[in-house]
Amino acid sequence: MSRTSDGAGVVAGAEAGEGEGAGEREALERGRSHRDVPRFVIGCGDDEQDMGQMEAGMKNEMFREEDMEGDDDESPPERQIVVGICAMVKKSKSKPMTQILERLCKFDYIDMVIFPEEVILEEPVENWPLCDCLISFHSKGFPLDKAVEYAKLRNPLLLNDLNMQYFIQDRREVYRILKEEGIDLPRYGVLNRDPDNPEECNLVEGEDHVEVNGEVFPKPFVEKPVCAEDHNVYIYYPSSAGGGSQRLFRKIGSRSSVYSPEASVRKTGSYIYEEFMPTDGTDVKVYTVGPDYAHAEARKSPALDGKVERDSEGKEIRYPVMLTAMEKLVARKVCLAFKQTVCGFDLLRANGHSYVCDVNGFSFVKNSMKYYDDCAKVLGNMVMRELAPQFHIPWSIPMEAEDIPIVPTTSGTMMELRCVIAIIRHGDRTPKQKMKMEVRHPLFFDLFEKHGGYKSGKLKLKKPKQLQEVLDIARLLLVELVQHNDCEIEEKKSKLEQLKTVLEMYGHFSGINRKVQLTYLRNGQPKASSEEEDCKKDGPSLLLVLKWGGRADACRPGSG
C-alpha cells in the first residue's frame with residue numbers, strides 16, 4: 001500500500017465552480033443521516049456526477065458544529081472511509097470483484113464507489129468520484145496515465161501501486177525486478193530488436209538451439225514476447241523429439257495452445273528466451289492479498305496438448321495446492337517488490353525447486369468462497385488499520401474466533417476440510433533390516449553364557465567389542481566350512497556369510513546402527529514343514545537375530 005505524496009487524504013466537499021446552488025445542496029445533503037447514504041455507490045456523469053461527488057463529499061467531510069445549529073437532537077453522522085474501484089467494467093463488475101466488494105461493505109465504516117467506465121475513459125480526472133482509498137489496476141484499454149494523474153491529484157491510499165504497473169506490462173522489467181530480489185527464475189536471455197532494422201540483432205539460430213547475446217539455449221526453450229499483454233508464447237522442440245513448436249495463447253473455447261511444425265523462431269519483435277522447465281504437467285497459480293496471505297492452485301499446463309480441462313459447469317478445473325515455506329517467502333517477496341497488495345504470479349515446480357515465470361499483477365481467484373471471505377477480511381483490515389486513526393474512527397482489529405468453515409454442497413451444508421495433521425513415528429528413518437538364524441555351535445553358547453544370557457534367556461549385543469566377538473565366531477566357522485567340508489557345523493553357510501558381511505560394513509562399528517539378539521530355545525526352534533521336522537535336531541539352540549539399518553538423524557549412533 002502506498003500514498004502518492006505526503007498529505008492528509010482527500011479534501012471533501014463541494015468544489016468551487018459547481019454552480020450557484022451547490023452550497024445550498026451541500027448543506028441540505030449534510031443534514032441527512034448516515035443511514036440514508038447508500039453503502040455501495042456507482043459514480044455518474046454530468047449532473048448526476050455532480051450529485052455523486054457532493055454525496056461522497058458529504059460523507060468525507062468531518063462534522064462541523066455550525067451546520068447543526070438548531071438540530072441539537074440529532075447526533076453527528078459517523079465518518080465513513082470511501083474505497084474507490086477504478087478499473088474497466090469487465091473487471092469491476094466481474095463475479096470475484098462483486099463477491100469481495102459485497103463482503104467489504106459489511107465493515108461498519110467502509111463505503112464503496114465504483115468508477116463508471118465512461119467516466120474513466122471520457123471525463124477529466126477532476127470529475128472522477130472522490131475516495132479515501134483507491135483500488136485501481138491496468139487491463140486492456142485502461143488509461144493508466146489518467147489513474148496516476150488522479151492519484152497525484154486526490155492522494156488516496158493505494159492498495160496496488162500504479163507506477164509499478166508500468167513495469168508489470170514489460171516482461172524484461174518483471175524479470176529484472178525478480179532477479180534483483182533474489183527470486184529464482186529460469187535461465188533467460190533478452191533479445192531486443194530495433195523495429196527499423198529487425199535483421200540486426202544478437203541472435204544466432206541453429207537446428208536445435210539459439211544463441212542470444214552469446215548465451216546458448218538448446219531446445220526445448222521458450223520464446224516470450226517482451227510485452228506482457230502478448231500471450232503468444234512459443235515452445236520449440238528439438239529434432240530428436242519431432243521438432244516443431246507448441247504455440248500458446250489466451251484460452252479460446254476449450255483450447256489454450258496448438259502444435260505447429262514450424263521450428264524456426266520469430267524474426268520480428270523483441271523476445272525473452274528461457275530454458276524450458278520440466279514440470280509434472282501443471283502450472284501453479286499464486287494469489288497474494290498482502291505480504292502475509294497467499295492462495296495457490298494448479299491447472300493443467302497449456303503446453304501439454306492445449307486442451308483446457310473443464311468441469312460440468314464449463315469452468316476450468318483447478319486443483320488445491322499447499323505452498324512450501326520457501327514458496328510462501330517467494331509470494332511475500334513478489335508482493336512487496338512489485339508493491340501490489342493483490343497480486344497474481346505463476347510458479348513452475350521443477351527439479352526440486354520453484355521458479356517464478358510470470359507476474360500478472362492484480363488478479364483474483366475464481367470460484368472460491370473461502371478466498372473471497374479471506375480477501376475481503378484482509379483488505380478491510382488493511383484499510384481500517386491505515387485510515388481509521390487518521391479520521392479518528394474508534395476501531396481496532398477484532399480478535400474474534402474464526403467462523404466455522406461451512407460450505408454448501410449438493411446435499412446441504414457440511415464442514416470444509418482445511419488440513420490433515422499426521423504424527424508419524426520415525427518419519428525420517430530408513431527401514432530397519434533383519435536376518436534370523438538358528439545356531440547350535442558351542443562358541444555361540446559360550447558367548448551367551450559369558451554375557452549373562454542365561455539369567456533372562458535373552459541377550460542383546462550392540463557394543464563394538466561384543467559385535468567383534470560375534471564377527472570372530474562367524475569368520476572362524478566359515479573358514480572351517482571351507483577347509484573341512486565334512487565338519488559338523490550345523491549353521492547354514494549363506495546365513496553365516498550374511499552375518500559376516502553386515503558386521504564388516506564400513507570397516508568399523510562406531511556410529512553404525514547394528515545389533516545382535518540371542519534367545520535361548522530349550523527344545524530348538526519349531527519347524528514350519530514336515531520336511532524340516534524330519535531333519536530336526538534334538539536339544540536346545542539359540543535364535544540369533546541380526547538387525548541393521550534404520551538410520552535416522554535424530555537417533556544416537558548405535559541405538560536400536
Side-chain angles (χ1 to χ4, degrees), residues 1-11 43 56 60 81-94 96-97 100-101 104 112-178 180-181 226-229 287-291 333-345 358-364 375 378-379 382-383 385-387 390:
M1 295 185 293
S2 63
R3 282 188 176 274
T4 54
S5 62
D6 293 334
V10 177
V11 179
N60 289 345
I81 295 174
V82 180
V83 177
I85 311 300
C86 180
M88 302 302 283
V89 68
K90 185 178 180 181
K91 301 293 185 180
S92 61
K93 297 294 185 64
S94 66
M97 180 67 83
I100 291 167
L101 294 186
L104 265 177
M112 312 298 303
V113 57
I114 297 178
F115 294 18
E117 186 172 297
E118 60 271 17
V119 171
I120 296 173
L121 296 176
E122 300 171 8
E123 294 288 333
V125 296
E126 289 79 8
N127 295 343
W128 287 14
L130 301 177
C131 65
D132 304 304
C133 174
L134 183 66
I135 298 176
S136 182
F137 52 94
H138 178 268
S139 62
K140 186 177 181 181
F142 181 78
L144 184 57
D145 292 342
K146 291 180 70 175
V148 171
E149 184 183 351
Y150 173 83
K152 290 180 179 179
L153 175 67
R154 302 300 186 191
N155 190 35
L157 174 71
L158 297 178
L159 290 184
N160 276 44
D161 187 89
L162 292 169
N163 288 310
M164 288 299 295
Q165 294 181 29
Y166 289 109
F167 294 114
I168 293 176
Q169 296 178 56
D170 191 326
R171 287 191 172 98
R172 292 168 297 192
E173 294 298 322
V174 169
Y175 276 39
R176 177 186 62 80
I177 294 172
L178 291 173
E180 288 177 354
E181 294 298 321
V226 295
C227 175
E229 297 297 307
Y287 302 86
T288 71
V289 186
K333 285 184 176 181
V334 170
C335 177
L336 295 175
F338 290 89
K339 301 178 182 179
Q340 306 295 298
T341 299
V342 179
C343 187
F345 65 94
D358 197 12
V359 177
N360 306 307
F362 196 101
S363 55
F364 282 138
C375 183
V378 173
L379 292 180
M382 281 185 177
V383 172
R385 185 187 300 112
E386 292 292 327
L387 298 181
Q390 178 180 323

- Task: Indicate the atoms forming the closest heavy-atom contact of Cys375 with Phe364, along with that distance.
- Result: SG-CE2, 3.9 Å

- Between Pro143 and Leu121, what is the shortest heavy-atom contact and its length? CD-CD2, 3.8 Å

- Please step through side chain to side chain contact (heavy atoms under 4.5 Å, CB included) for the pair Leu153 and Trp128, ending with a clear verdict. CA-CA 11 Å; Leu153 175 67; Trp128 287 14; over 6 Å; no

- For Glu149, what residues pass the salt bridge (charged side-chain N to carboxylate O under 4.0 Å, His left out) criterion, not counting sequence neighbours? none

- Task: On the 0 to 90° scale, with breaks at 30° and 60°, tag the Phe137-Phe362 ring pair as parallel, tilted or perpendicular.
- Result: parallel

- One should read off an interatomic distance between Ile135 CD1 and Ile100 CD1, to the nearest 0.5 angstrom, of 8.5 Å

- Working to the nearest 0.5 Å, report the span between CD of Glu181 and CG of Leu336. 8.5 Å

- Message: Quick one, Leu178 and Val334 - any side-chain contact, counting heavy atoms below 4.5 Å?
- Response: yes

- Message: Going by side chain to side chain donor-acceptor pair (under 3.5 Å), name the residues that satisfy it together with Glu173, two or more places apart in sequence or in a different chain.
- Response: Arg176

- Query: Going by heavy atoms in the side chains, are Cys131 and Tyr150 under 4.5 Å from each other?
  - Reply: yes

- Message: Is the shortest side-chain heavy-atom distance between Phe338 and Asn160 below 4.5 Å?
- Response: no

- Gap separating the CD1 atom of Ile81 from the CD atom of Glu386, nearest 0.5 angstrom: 10.0 Å

- Atom of Ile85, atom of Met112 and distance for their closest heavy-atom approach: CD1-CE, 3.9 Å

- Does Glu123 offer a backbone N or O that forms a donor-acceptor pair with the side chain of Lys146 under 3.5 Å? yes

- Val174 side chain near Phe167 side chain, heavy-atom distance below 4.5 Å: no

- Query: Does the side chain of Asp161 reach to within under 4.5 Å of the side chain of Gln165, using non-hydrogen atoms?
  - Reply: no

- Task: For residues Ala87 and Ser92, report the shortest heavy-atom separation together with the two atoms involved.
- Result: O-OG, 4.0 Å

- Task: For the residue pair Ile168 and His138, establish whether any side-chain heavy-atom pair is separated by less than 4.5 Å.
- Result: no

- Task: Run the numbers on Gln340 and Val359 for side chain to side chain contact (heavy atoms under 4.5 Å, CB included), then give the verdict.
- Result: CA-CA 10 Å; Gln340 306 295 298; Val359 177; over 6 Å; no

- Query: Where is the tightest heavy-atom contact between Cys86 and Ile120, given as atom of each residue plus distance?
  - Reply: SG-CD1, 3.9 Å

- Query: Could you state the interatomic distance from OG (Ser139) to CD (Glu229), rounded to the nearest 0.5 Å?
  - Reply: 8.0 Å

- Do Ser136 and Leu158 come within less than 4.5 Å of each other through their side chains, counting heavy atoms only? no

- Looking only at heavy atoms, the pair that brings Lys140 and Met88 closest together is O-CG, 3.9 Å

- Item | Test salt bridge (charged side-chain N to carboxylate O under 4.0 Å, His left out) applied to Asp145 - qualifying residues, sequence neighbours left out | none

- Query: So, do Leu379 and Val342 sit near enough that their side-chain heavy atoms are less than 4.5 Å apart?
  - Reply: yes

